Structure formats: C-alpha cells, structure tokens
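A, B, ... follow the sequence lines: proteins, then strands. Residue 1 opens every chain. The model shown is predicted, which means the values in this text are computed figures rather than measured ones.
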There are 2 protein chains.
Amino acid sequence: MPLDRRLAKAVTVPSIPKLTKDVEIECAGCPIRHRAVCAKCAPDELTRLEEIKYYRSYEAGQAITWAGDEMGFVASVVRGVATISQTMADGRKQMVGLLLPSDFIGRPGRSSTPYDVTAVGEVTLCCFRRKPFEQLMATTPHVAERLLDMSLDELDAAREWMLVLGRKTAREKIASLLTIIARREATVGVPAMKGRITIDLQLTREAMADYLGLTLETVSRQISALKNEGVIELGTQRRIVVPDIRRLMAETGDDMDGGLIA
Amino acid sequence: MPLDRRLAKAVTVPSIPKLTKDVEIECAGCPIRHRAVCAKCAPDELTRLEEIKYYRSYEAGQAITWAGDEMGFVASVVRGVATISQTMADGRKQMVGLLLPSDFIGRPGRSSTPYDVTAVGEVTLCCFRRKPFEQLMATTPHVAERLLDMSLDELDAAREWMLVLGRKTAREKIASLLTIIARREATVGVPAMKGRITIDLQLTREAMADYLGLTLETVSRQISALKNEGVIELGTQRRIVVPDIRRLMAETGDDMDGGLIA
DNA sequence: CGTTTCGTTGAGTTAAATCAAAACTGGTGG
DNA sequence: CCACCAGTTTTGATTTAACTCAACGAAACG
C-alpha cells in the first residue's frame with residue numbers, strides 16, 4: 001500500500017462512542033449464557049455477576065477501545081461482530097481476532113489493551129467494571145476456569161490463523177476465512193440445510209484483506225474467481241452462500257476429512 | 001516450495017524419543033522457579049507438585065510430541081529451546097510458537113495437541129502426569145491463575161506474530177524475530193553489556209523461514225543484507241551479535257520508542 | 001438525484017519464490 | 001592430519017503471485 005494512502009487512513013477521526021441505555025436482560029434468558037465467560041457459573045455466582053453488569057451498545061464502525069487506551073471494564077459480546085486489530089506506525093493494519101457473540105473482551109489484571117477493538121455491525125456488550133470483576137475472579141473459581149478455557153481456545157485459533165497468514169495462497173486464505181466463519185455459524189445457528197450454508201459476514205473487502213494479510217483488490221479477485229467456478233455464490237452485498245461446504249474446504253489447503261463424511 | 005521437495009521432507013522418519021534419567025532438582029533451586037507455571041505456588045503447593053514431577057530430556061531434533069498424538073503429561077521447559085509447528089498435507093510448515101525456558105507445554109483438559117513440538121537444541125522438561133496435575137489445578141488456585149496469565153501472554157505474542165506474518169516485509173520479519181529473541185534473552189540473561197547483545201539462536205535458516213513464513217533463501221539473503229549494512233554481525237554459525245539494539249528495532253517497522261531512550 | 005462509499009476489473013510492477021549451483025561447516029574415519 | 005561426506009548456507013538467474021495504480025460500476029444515503 002502506498003504511504004500517502006495509508007496515512008490518509010491512519011488519521012481518520014474516530015467516531016465518538018455512544019452510550020446506549022439498553023433493556024436489562026436477565027442472565028437466565030441470555031442468549032450467550034452457556035458459552036460466555038459466565039458459562040460455568042452456579043446460580044449464586046450469577047447473582048453476583050448480575051449485580052455488577054451493565055449493557056452497552058455500539059453502532060457500526062464505532063471504536064470500542066483504541067490501542068493504549070485505558071479500559072475500565074471487561075465484557076462479553078452479546079450480539080454483533082467486532083474486530084481486534086493492530087496498526088503499524090505507517091498505517092499497515094492487521095486484524096488479529098474476530099469477536100463473535102460470547103467472546104470475551106479485555107484482560108483481567110491489565111487496564112489497557114494493546115489493540116484496537118472496533119464494532120463491525122451493531123454490537124451489544126455485557127460489561128463488568130474491572131475491579132469488581134477481578135475480585136469475583138479471585139473469590140470464585142468458575143469464572144477463572146472458563147476464562148482459561150476460552151483463552152486457550154483463542155490461542156489455538158490464533159495459531160491456526162498464523163498458518164493461514166504465513167503459508168497459504170490468496171485463494172486458500174479466502175477459503176479458510178469463509179470456512180472458519182461457516183463452521184462457527186453452523187455451531188450456533190440452524191443445522192445448515194443439507195450442507196447449504198449462508199454466511200452473513202458484514203466485513204467489507206478491506207476488512208477481509210486486513211484479516212488475511214492481503215490487499216482488498218486481491219480479495220475481490222479471488223472471491224470473483226471462486227464465484228465464477230461455482231464454489232460460492234454471492235447473495236446481496238456481503239452475504240455469501242456456500243452450496244457445498246466440502247467443496248469450499250477442499251480449497252483451504254487443509255488436510256480436510258474433518259470427520260463429517262456421511 | 002515445489003511439491004516433490006515438500007513431500008520428501010514430510011516423510012522424513014522421526015527420531016525415536018529417548019528417555020534420559022536426569023538428576024532430580026529441588027524446586028527451590030530450580031532456574032525457572034519464579035517464571036514457570038509454578039511461580040505463584042506456596043511451599044505446600046510446591047511440595048505437592050514435587051511429588052508428581054519428573055524430568056525428561058530430548059536431544060536436538062527430537063520430537064517431543066506429534067500433532068494428533070496422545071500426550072500423557074504437561075510440562076515446563078527447564079532448559080533449551082523447542083518449537084511448536086503445524087504442517088499442511090502437502091508439507092508446507094509454519095511455526096506457531098517458540099518455547100523457551102519457563103514456557104508451558106500442553107493443555108489441561110485435552111490429551112492430544114494439534115501441534116508438532118520439537119526440540120531445537122538439547123531440551124530438558126519438568127513433566128507432570130496429566131491426571132494428577134489436573135487434580136492439583138482443581139484444588140489449588142495458584143497454578144490455574146499463573147497458567148491463565150501465561151496463556152494470555154502467549155495469546156498476545158501470537159497476535160503480535162500475526163502482524164509480522166501478515167503485514168511485514170522479509171527484512172522487517174527478520175529484524176522482528178531477532179528483536180523478540182534479544183528482548184527475551186535480555187530479560188533472563190546478563191543485562192547486555194552497553195546495548196551489545198549476543199543472540200545464541202540455535203535455529204537453522206530453514207527453521208527461521210518456517211517461523212517467518214518465508215523461504216530459507218530469502219532468510220539468508222536478508223540476513224546477509226543486514227550484516228553488510230552493519231546492523232548485525234555474524235559470530236560463529238547460528239550466533240548473531242547485535243551491536244545496537246535500537247538500530248535493529250528501527251528495522252522492524254514497529255512504532256519503537258519502547259521507553260528506553262536515554 | 002448527486003454524492004459517497006464500496007466493489008470490480010484491467011494493466012503494469014515488484015518482492016519474494018523457485019530453480020540451480022557453488023561454498024562453507026563440522027564430524028568421521030583412514 | 002587430512003580427505004571426505006552430509007547437511008547447511010550463500011549467492012545468482014529467472015519466474016510468478018500478489019501488489020500497485022487507475023478507472024469504472026453499483027449500492028447505499030441523505
């Protein structure tokens with residue numbers, strides 16, 4: 001990317017975070033109750049969490065936190081998609097994580113993140129003020145246990161992504177991204193009607209490029225190529241249909257045979 | 001890399017792990033006592049750990065575990081360097097972690113790793129049988145606490161590495177690798193005589209390439225270039241001298257100004 | 001509707017990969 | 001001690017996948 005173009009982006013003024021008063025949700029009826037950091041909590045622990053939690057919403061494109069900023073809370077993503085990214089001094093940008101519902105934001109024990117966290121679509125967080133949350137972690141084991149498990153899963157995901165970034169071709173990178181999202185959508189949503197999966201990724205081509213370590217032009221070209229070959233279909237803008245997930249997985253370069261052969 | 005060359009490597013027969021009976025070390029006198037997973041342990045917890053631990057050594061090039069294999073233990077690296085890597089079906093390889101003394105191997109709750117772990121030089125591990133270790137984690141908080149902290153550090157390191165893999169040039173990648181090693185050496189070893197740091201990386205050019213997502217030829221060329229420009233000096237094979245760490249850091253593309261400006 | 005942001009496509013360039021060969025290293029045994 | 005060997009590293013010539021630059025559609029938006 002040319003320097004002037006990068007710098008132009010680097011100085012883009014961030015939109016000011018808006019605090020939206022959301023409807024309070026009971027933990028018992030929470031959509032991420034069994035997957036988030038609170039998954040293992042007993043009823044009494046949940047009560048304590050409920051006392052210190054509050055909801056907060058961000059609209060598309062808003063910053064949740066900037067690298068180096070103090071963040072007075074930690075949070076779970078309840079709804080929406082957010083990105084974790086790092087930006088170099090000259091504006092080169094790399095996404096290092098994708099936050100989907102139930103994912104955790106923030107690090108207990110550190111008050112500042114080294115990353116930018118940005119809402120992609122509209123995002124709702126379930127926030128806990130840092131201090132009370134840390135106290136809770138120190139006194140009850142279940143939150144810390146779950147957080148360790150989630151962190152190790154994220155570490156595995158990060159390492160899988162390192163293989164994608166370091167060794168895969170542009171085409172394989174695209175296929176890998178779509179496969180990973182499709183897998184996660186399948187876990188949560190409908191059991192995927194006979195292998196036909198619809199991915200509602202709100203990411204722009206540029207955001208995908210930042211995730212994949214590519215340029216947006218290369219992303220666009222590879223998506224077009226996959227479309228022309230019938231591996232994927234483009235629905236409306238930013239909605240991709242995968243007619244046959246195995247066909248897509250065959251393009252990732254991975255070993256495949258993920259055990260789901262009928 | 002051409003396919004035939006990759007396959008030739010993929011079928012290389014692994015050396016058979018050798019079990020060496022090491023001298024028992026008292027935890028109190030252990031070189032990694034205050035940095036490893038046991039760092040926060042109270043004397044009584046240490047006693048319990050001491051009961052279930054044993055040492056095991058591997059020689060250069062030996063596999064500690066293969067992807068998919070069962071691993072009956074978890075362990076701390078006491079001495080030496082090991083690599084964590086992933087290999088694709090066609091032989092493309094990516095290192096996803098570098099294990100230095102005090103780093104932890106294995107995941108509580110999972111008996112098989114998805115990674116290859118290989119000794120680079122001679123390596124000594126402090127091993128704990130899985131089951132007793134998991135019991136210990138469940139009953140005493142300090143091990144789990146420390147492990148969470150270490151995992152989050154590793155996650156940060158993995159994410160930093162994603163930026164390197166995704167967005168940096170070959171030259172910046174080399175500089176980043178050397179800087180990261182130098183930083184860690186400096187933390188542990190001698191306070192680095194007036195900024196002059198000697199890095200005793202036992203990695204081959206190929207291993208560096210696998211870490212950086214490059215070919216070994218590109219690694220060699222970039223190291224030669226840095227040498228010719230006086231940014232680094234080559235001592236004996238696989239030993240690199242950094243006369244001025246800031247000069248090297250300036251080549252990483254990072255923001256720099258790490259607060260150590262006199 | 002203009003306007004702006006986002007996405008596609010084309011033409012030319014370049015950093016790193018590939019292919020190839022020579023030079024160096026360290027260990028082994030005659 | 002030296003010749004040899006296998007593994008490693010360096011260097012050179014060429015190719016290529018992805019980047020850059022540029023222009024043009026297509027949605028989204030007030």
I'd like to know if A/E206 reaches the base of C/dC6 with its side chain, counting only an N/O donor and acceptor under 3.5 Å. no
Does B/R221 get its side chain close enough to the base of D/dG12, under 3.5 Å, for a donor-acceptor pair? yes
What is the distance from [atom1] of [X] to [atom2] of [N], rounded to the nearest Å?
| X | N | atom1 | atom2 | answer |
| --- | --- | --- | --- | --- |
| A/K168 | D/dA17 | NZ | P | 18 Å |
| B/N228 | D/dT11 | CG | C1' | 12 Å |
| B/R171 | C/dA15 | CZ | P | 13 Å |
| A/L216 | D/dA18 | CG | P | 15 Å |
| B/E172 | C/dA15 | CD | C1' | 12 Å |
| B/D210 | C/dA16 | CG | P | 17 Å |
| A/I240 | C/dG7 | CD1 | P | 10 Å |
| A/I223 | C/dG7 | CD1 | C1' | 10 Å |

Please pick, from D/dT10, C/dA17, D/dC21, the nucleotide with the shortest atom-to-atom distance to any side-chain atom of B/T218. C/dA17
From the list D/dT9, D/dA22, C/dA20, which nucleotide is the closest neighbour of the side chain of B/R205? D/dT9
Report which part of the nucleic acid [X] touches: base, sugar-phosphate, or nothing (heavy-atom distance under 4.0 Å, all strands).
| X | value |
| --- | --- |
| A/S224 | sugar-phosphate |
| B/L214 | sugar-phosphate |
| A/R238 | sugar-phosphate |
| B/L234 | sugar-phosphate |
| A/T169 | sugar-phosphate |

Ring center gap for B/Y115 and B/W66 short of 6.0 angstrom: no
C/dG7, OP1 or OP2 - any side-chain N/O from A/S220 closer than 4.0 Å? no
Taking only Lys NZ, Arg NE, NH1 and NH2, and the carboxylate oxygens of Asp or Glu, determine whether A/R247 and A/E229 approach each other closer than 4.0 Å. no
Would you call A/K168-A/E251 a salt bridge at under 4.0 Å N-O? no
Report yes if some heavy atom in the side chain of B/Y58 is under 4.5 Å from a heavy atom in the side chain of B/T118; otherwise report no. no
Ignoring hydrogens and geometry, is there a side-chain-to-backbone donor-acceptor pair from A/R92 to B/R167 under 3.5 Å? yes
I want to confirm an ordering. Mapping A/A170 and B/L203 to their closest nucleotides on DNA chain D, which one lands closer to the 5' end? B/L203
